[in-house]
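Report on one structure; see the data block that follows.
Every value quoted in this text rests on a predicted model; they were computed, and no experiment measured them.
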Amino acid sequence: MLNKLKTYIAKHKLLGNGKYIVALSGGADSVCLLRVMLSLGYNVEAAHCNFRLRGDESNRDEEFCTSLCARLDVPLHKVHFDTREYASLHKVSIEMAARELRYAYFEQLRLAIGADGIVVAHHSDDNVETILLNLVRGTGIYGLEGIKPRNGFILRPLLCLSKNEILDYLSSVNQDFITDSSNLVDDVQRNKIRLNLMPVLRSVNPSASENILTTAENISQAARVYSHAINESVNECFDGKALDITKLLQQPSPEAVLYEVLKTFDFSSGTVRQIFDNLSAPSGKTWSNDTYTVAMDRGTLFIGKSYSETPPLVIPEEGLYRIAGDVSNIKVEVAPLTAETIISKEPFIATLDADKVAFPLTLRLVQTGDRFVPFGMKGSKLISDYLTDKKKNYFQRKAQLVVADATDKIVWLIGERVSAEASVGPDTIKVLTLRYSKE
């Protein structure tokens, strides 16, 4: 068994000469992991998490790990969690809470002691259960690959071993372990698969587990081909911010390409399907999650951070003003018009006739129905039409700032154009200069 393990570790380049943290629960799998890591000569320290979920049994597990590490002369790091409180606070299941707490602690410990990796005891039976869990929940090709031997600093050298091989090894070295009673009750999905489904599958075919793992390996090989092809398709139609719908529909599997793009922005497969079914929707259609928004705009899907309202900024007089919730400011100055006065043509500097602009000014986002008279044009124009004519996308239009005076007359479309109603002319005596800048 140790030779099998060494071959697997070498194949996947999992372990080297550094220091490793062994996640030790006290159960058969983690105890086996600790023993074989020591037998193979690796430098290890153990870490035990007490989630305080099973009363005396949780304390028993901790005491067992303490005793085992003392006997094996292995440094042991211990931590206690209020898992139920965490689950309630973060609105996640107890199982998810324990997972998040455990891995966050392991990473903190890894950094603190300078370890090269965190070694966990997932084995091949766990892998089979994970594949079946993903299958019944609904998954794509990557979900059927199963558990990876390496995920960042998380290492899983026991994936080549079955539960029976682990138990046989522990018996051969006369090593005891503790049993978590919660694993014997089919109250969570994984336990239902382990205790109920797997016996049925093995009654159909005694080699069910091995065949599932073989299928997962085949899918993993196919996934590499899929990944290569899908990346080419994504690069053809997506530039990191916008997805060209015409080019998307020319791909061999447009919905798969759309999913691969949008999953990186945390959109669910259900939402991706809705978006795909509405690719012919008119401009302005949007879909949002907690962080991102997808906006349909003239044959393009634009993707950006979900929009947050910028509060209006009232400017009562000259001065430098910082815009709340942003990293930008606006400087306001009034001065006599002289021969040296420069009438700005810069997009973020406006030179206006001070007598045509009434304080206080208001810097705000463009609103529905806003109009202005663009300098150099005759007649007023809806700002929304102006921005559309300039081919501004959904996010650019939503973020467009304007400066309005006390009469709500828009005197400057920031970054674009000043209003003809406030522009410098032959009768100008004083100039009002507005400078907008990002910090």
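By the 4.0 Å N-to-carboxylate-O rule, E129 lies close enough to R190 to be salt-bridged with it. With respect to K356 and E421, no salt bridge is recorded, no charged nitrogen being found less than 4.0 Å from a carboxylate O.
Heavy-atom contacts from other residues, nucleotides or ligands closer than 6.0 Å to NZ of K263 number more than 12. By the neighbour-count criterion of 12 heavy atoms within 6.0 Å, atom CZ of F153 is sparsely surrounded, having that number or fewer from other residues, nucleotides or ligands. Within 6.0 Å of the NZ atom in K331, the count of heavy atoms belonging to other residues, nucleotides or ligands does not exceed 12. Applying the 6.0 Å contact sphere to CD of E333 captures more than 12 heavy atoms from other residues, nucleotides or ligands. Within 6.0 Å of CG on D389 lie more than 12 heavy atoms contributed by other residues, nucleotides or ligands. Shown here is R99, whose CZ atom has no more than 12 heavy atoms of other residues, nucleotides or ligands within 6.0 Å.
Residue V74 comes nearest to E45 through the heavy atom pair CG1-CA, 4.1 Å, listed as atom of the first residue, atom of the second, then distance. In terms of heavy-atom proximity, Y226 sits nearest to A256 at OH-CB, 3.8 Å. Across L33 and V22, no two heavy atoms sit closer than the pair CD2-CG1, 3.9 Å. Closest non-hydrogen pair, E255 versus F276, comes out as N-CE1, 3.5 Å. Here the closest heavy-atom approach between residue P316 and residue Y321 is recorded as CD-OH, 3.5 Å. Of all non-hydrogen atoms in P374 and G379, the two that sit nearest each other are CD-O, 3.9 Å.
Take Q400 and apply the side-chain hydrogen bond (donor to acceptor under 3.5 Å, both in side chains) test, not counting sequence neighbours, and it matches no residue. Residues satisfying the side-chain hydrogen bond (donor to acceptor under 3.5 Å, both in side chains) test with K392, not counting sequence neighbours, are E416. Residues satisfying the side-chain hydrogen bond (donor to acceptor under 3.5 Å, both in side chains) criterion with S220, sequence neighbours excluded, are E145. Here D61 pairs with R54 under the side-chain hydrogen bond (donor to acceptor under 3.5 Å, both in side chains) rule; sequence neighbours left out. When the ring-ring contact (aromatic ring centres under 6.0 Å, His included) test is applied to Y8, the partners found at least two apart in sequence or on another chain are H12. Every residue meeting the side-chain contact (heavy atoms from CB on, under 4.5 Å) condition with F375, not counting sequence neighbours, appears here in chain and number order: R417, V418, S423. By the salt bridge (charged side-chain N to carboxylate O under 4.0 Å, His left out) test, D126 is found to be paired with no residue, residues two or more places apart in sequence or in another chain being considered. Annotation: ring-ring contact (aromatic ring centres under 6.0 Å, His included) contacts of Y259 (sequence neighbours excluded): none. Every side-chain contact (heavy atoms from CB on, under 4.5 Å) that I131 has, sequence neighbours left out, goes to N127, L144, I212, L213, A216. Considering only residues two or more places apart in sequence or on other chains, N43 meets the side-chain contact (heavy atoms from CB on, under 4.5 Å) condition with K19.
Using a 4.5 Å heavy-atom threshold, the side chains of R298 and S283 count as touching. Contact check for K398 versus T286: no side-chain heavy atoms found under the 4.5 Å cut-off. Inter-residue side-chain proximity for R202 and S209 is flagged as met; some heavy-atom pair is nearer than 4.5 Å. Contact of the V403 side chain with the Y436 side chain is not registered, since no non-hydrogen atoms from C-beta on lie closer than 4.5 Å. With contacts defined as side-chain heavy-atom distances shorter than 4.5 Å, the pair E236/K247 does not qualify. Looking at heavy atoms from C-beta onward, Y103 lies out of side-chain contact with I118 at the 4.5 angstrom threshold. Using a 4.5 Å heavy-atom threshold, the side chains of E100 and Y86 count as touching. Considering only heavy atoms from C-beta on, K391 stays 4.5 Å or farther from D297 through its side chain.
Judged by distance alone, with hydrogens and angles left aside, the side-chain atoms of T293 form no donor-acceptor pair with the main-chain N or O of G304 at under 3.5 Å. The backbone N or O of E210 lies less than 3.5 Å from a partner atom in the side chain of T214, making a donor-acceptor pair. Remark: the backbone N or O of T139 is not paired with any side-chain donor or acceptor of N134 at under 3.5 angstrom. Judged purely by atom type and a 3.5 angstrom limit, S39 has no side-chain atom pairing as donor or acceptor with the backbone of V36. Between the side chain of T264 and the backbone N or O of V261 there is at least one donor-acceptor pair closer than 3.5 Å. The closest donor-acceptor contact from the side chain of D385 to the backbone of L382 lies at 3.5 Å or more, if one exists at all. A donor-acceptor pair under 3.5 Å is formed between the side chain of D239 and the backbone N or O of A242. Distance alone, capped at 3.5 Å, places no donor-acceptor pair between the T83 side chain and the A98 backbone. In this structure, S93 contributes its side chain and M96 its backbone to a donor-acceptor pair below 3.5 Å. With hydrogens and angles ignored, the 3.5 Å screen pairs no side-chain donor or acceptor of T300 with any backbone N or O of F302.
To the nearest 0.5 Å, atom OG of residue S288 and atom CG of residue D290 are 9.5 Å apart. Here the straight-line distance linking atom OG1 of T351 with atom CZ of R435 works out to 7.5 Å at 0.5 Å rounding. To the nearest 0.5 Å, atoms SG (C160) and CE (M1) are separated by 8.0 Å. Of the inter-residue distances, the one linking L24 atom CG with F177 atom CZ reads 13.5 Å to the nearest 0.5 angstrom. Rounding to the nearest 0.5 angstrom, the gap separating the OG atom in S437 from the CD1 atom in I349 is 9.0 Å. In this structure, the separation between CD1 on I323 and NZ on K438 is 7.5 Å, given to the nearest 0.5 Å.
Screening N191, N196, L197 for a side-chain contact (heavy atoms from CB on, under 4.5 Å) with R194, the sole residue that qualifies is N191.
Residues H48 and E62 have side chains that never bring a donor and an acceptor to within less than 3.5 angstrom of each other. Residues N289 and T291 bring no donor and acceptor atom of their side chains to less than 3.5 Å of each other.
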Criterion side-chain contact (heavy atoms from CB on, under 4.5 Å) on Y142 and E260, from CA distance to verdict: CA-CA 11 Å; Y142 299 120; E260 293 300 329; 3.8 Å; yes
Verdict with reasoning, L201 to V128, per side-chain contact (heavy atoms from CB on, under 4.5 Å): CA-CA 11 Å; L201 292 178; V128 171; over 6 Å; no
Using a 3.5 Å cut-off and no angle test, enumerate the donor-acceptor pairs between side-chain atoms of residues 104-112 and protein atoms at least two apart in sequence or in another chain.
unit_1 : atom_1 : unit_2 : atom_2 : d
E107   : OE1    : R110   : NE     : 2.9
E107   : OE2    : R110   : NE     : 3.4
E107   : OE2    : R110   : NH2    : 2.8

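Identified under the salt bridge (Lys or Arg N to Asp or Glu O under 4.0 Å) test for residues 20-44, with sequence neighbours left out: D29-K163.
In this pair, F81 and F51 present their aromatic rings parallel. The plane angle is below 30°, not in the 30 to 60° band.
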